[in-house]
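Each remark here refers to the structure printed beneath this line.
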Amino acid sequence: MSLIYRPAPPDEAVSQGDIFDECPILFWDDAGPDVGARMASVTVRVRAVVLTQACDLAQQKATRVLVAVVHGAQSLIDRGVLKSNLIRDQLRSHRVYGWYFLPAGPALPESVVDLRDLHTLPRRLLERLATEGKRVCRVATPYREHLAQHFATTYSRIGLPTPYETQPDSADS
Amino acid sequence: MAIGSCVVLEGVLTSDGTVRLETRPALPPGRVRVRLEAMPSSGGESERLPGALWFDDSVAATLDLPRPGGTEHTEPREVSERLPERLGFHEEP
């Protein structure tokens, strides 16, 4: 039994914190050759987590759902993308803006939510994935709100041009 | 003020051995004799020090994570516009 994740039956409505497998996302292939005068568009199926507020999904009938791509942490290490000590020291304690660490659970390994890889999907598409049994689990309260806050902080934090100047300690002067 | 003048003030003896007076003594600068006397805590402390330091050493993500392989090319179909979605607002009766 996990405190962080709970199963979501196929007939349950889509909500914040739902993790889906085989989510088709569309994006521009900026690394590949252009098609004619424009960048090629590609699609791939990924694991993704719902970021749209639960209340928007429940009450306001949002039809467009914001999701972020979820990576297996070990897969990123194996591919040389991230070092294990970065995950151990900084990601697990949620000290990296833009990435959110998800611990291992019954249905998924240690994972990294890429809050910089966001996509808007039709709600109907996610509902179909749920009925097909592709909803892996749901991040439970208050962990999903913690994820939502990390997402909000990533995009609302304010960087100063330079750190504030400080006066020298009186003992130094 | 003559030598031997005496004033009584209260203050706080800090952990580094210095004394922080609550008011400025009405004496001219110069050598003084200091006699310390422990006092019971007044309940309302004369100063309120900050708590323990809590550093925020968060950093920004340093790179774009690669998406999984196995992409398929798509043929986008152009549409004239994409409108905002229509949300069902609850109107007050």
Side-chain angles (χ1 to χ4, degrees), chain A residues 24-33 35 38-47 56 59-65 68-73 75-76 79-83 86 89-91 93-100 112-117 119-120 122-123 150 153-154 157 159 171, chain B residues 9 11-25 27 29-32 34 46-93:
Chain A
I25 58 167
L26 292 159
F27 59 97
W28 298 109
D29 183 15
D30 57 346
V35 179
R38 80 178 170 207
M39 206 175 272
S41 58
V42 290
T43 181
V44 69
R45 289 181 177 269
V46 298
R47 176 169 281 176
D56 287 342
Q59 295 167 12
Q60 299 196 347
K61 310 293 181 197
T63 58
R64 295 173 187 168
V65 181
V69 175
V70 178
H71 298 268
S75 163
L76 293 173
R79 294 169 66 189
V81 178
L82 296 183
K83 291 193 164 61
L86 173 86
D89 299 337
Q90 292 181 285
L91 259 172
S93 50
H94 301 109
R95 286 189 285 138
V96 182
Y97 294 121
W99 296 334
Y100 187 85
V112 177
V113 179
D114 188 356
L115 295 168
R116 306 198 310 181
D117 198 359
H119 302 267
T120 307
R123 180 196 186 113
H150 196 80
T153 307
T154 293
R157 73 190 197 280
Chain B
L9 298 169
V12 176
L13 176 64
T14 60
S15 57
D16 62 2
T18 57
V19 176
R20 203 171 297 152
L21 299 176
E22 289 178 5
T23 55
R24 182 183 286 270
L27 290 174
R31 280 177 57 79
V32 293
V34 178
S46 58
E47 63 176 352
R48 184 172 170 81
L49 297 171
L53 293 177
W54 185 70
F55 292 106
D56 179 9
D57 51 358
S58 300
V59 297
T62 51
L63 52 92
D64 289 334
L65 298 178
R67 299 187 180 102
T71 56
E72 293 174 34
H73 279 267
T74 63
E75 189 56 46
R77 180 171 58 88
E78 287 192 22
V79 294
S80 60
E81 61 182 352
R82 179 169 165 87
L83 295 170
E85 63 180 339
R86 298 176 65 173
L87 299 176
F89 292 106
H90 299 286
E91 293 184 7
E92 294 295 327

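Below, chains carry the letters A, B, ... as their sequence lines are ordered, and counting in each starts from 1. Only a predicted model underlies this, so the values are computations on that prediction, with no experimental measurement involved.
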- request: Give the C-alpha distance, both sets of side-chain angles, the deciding distance and a yes or no for side chain to side chain contact (heavy atoms under 4.5 Å, CB included) between A:Val44 and B:Glu72.
  value: CA-CA 6 Å; A:Val44 69; B:Glu72 293 174 34; over 6 Å; no

query: What option among A:Arg157, A:Arg38, A:Gln90, A:His94 has the most heavy-atom pairs under 4.5 Å with chain B?
result: A:Arg38

task: Specify the closest pair of heavy atoms between B:Pro68 and A:Arg45, including all atoms of both residues, with the distance to one decimal.
output: CG-O, 4.3 Å

- request: Name the region of A:Arg47, side chain, backbone, both or neither, that has any atom closer than 4.5 Å to a heavy atom of chain B.
  value: neither

statement: What one should report as the nearest heavy-atom pair of B:Thr62 and A:Arg116 is C-NH2, 4.3 Å

task: List the atom of B:Pro66, the atom of A:His71, and the distance in Å for their closest heavy-atom pair.
output: O-CE1, 3.0 Å

Proximal component of A:Leu91, with respect to chain B [non-hydrogen, under 4.5 Å]: neither

message: Using heavy-atom distances under 4.5 Å, tell me whether A:Leu82 contacts chain B through its side chain, its backbone, both, or neither.
response: side chain

- prompt: Can you tell if the side chain of A:Val81 reaches within under 4.5 Å of the side chain of B:Leu65, non-hydrogen atoms only?
  reply: yes

- prompt: Of the non-hydrogen atoms in A:Gly98 and B:Ala61, which two are nearest, and what is the gap between them?
  reply: CA-CB, 4.5 Å

message: Please classify the contact of A:Ile25 with chain B as side chain, backbone, both or neither, using a heavy-atom distance under 4.5 Å.
response: side chain

Minimum-distance pair of heavy atoms, taken over all atoms of B:Leu63 and A:Trp99: O-CZ2, 3.2 Å

query: Mind checking whether B:Val59 and A:Arg95 have side chains closer than 4.5 Å, heavy atoms only?
result: no

query: Relative to chain B, which of A:Val96, A:Val112, A:Asp29 shows the most heavy atom pairs under 4.5 Å?
result: A:Val96

message: So B:Thr74 and A:Val42, do their side chains get closer than 4.5 Å, heavy atoms only?
response: no

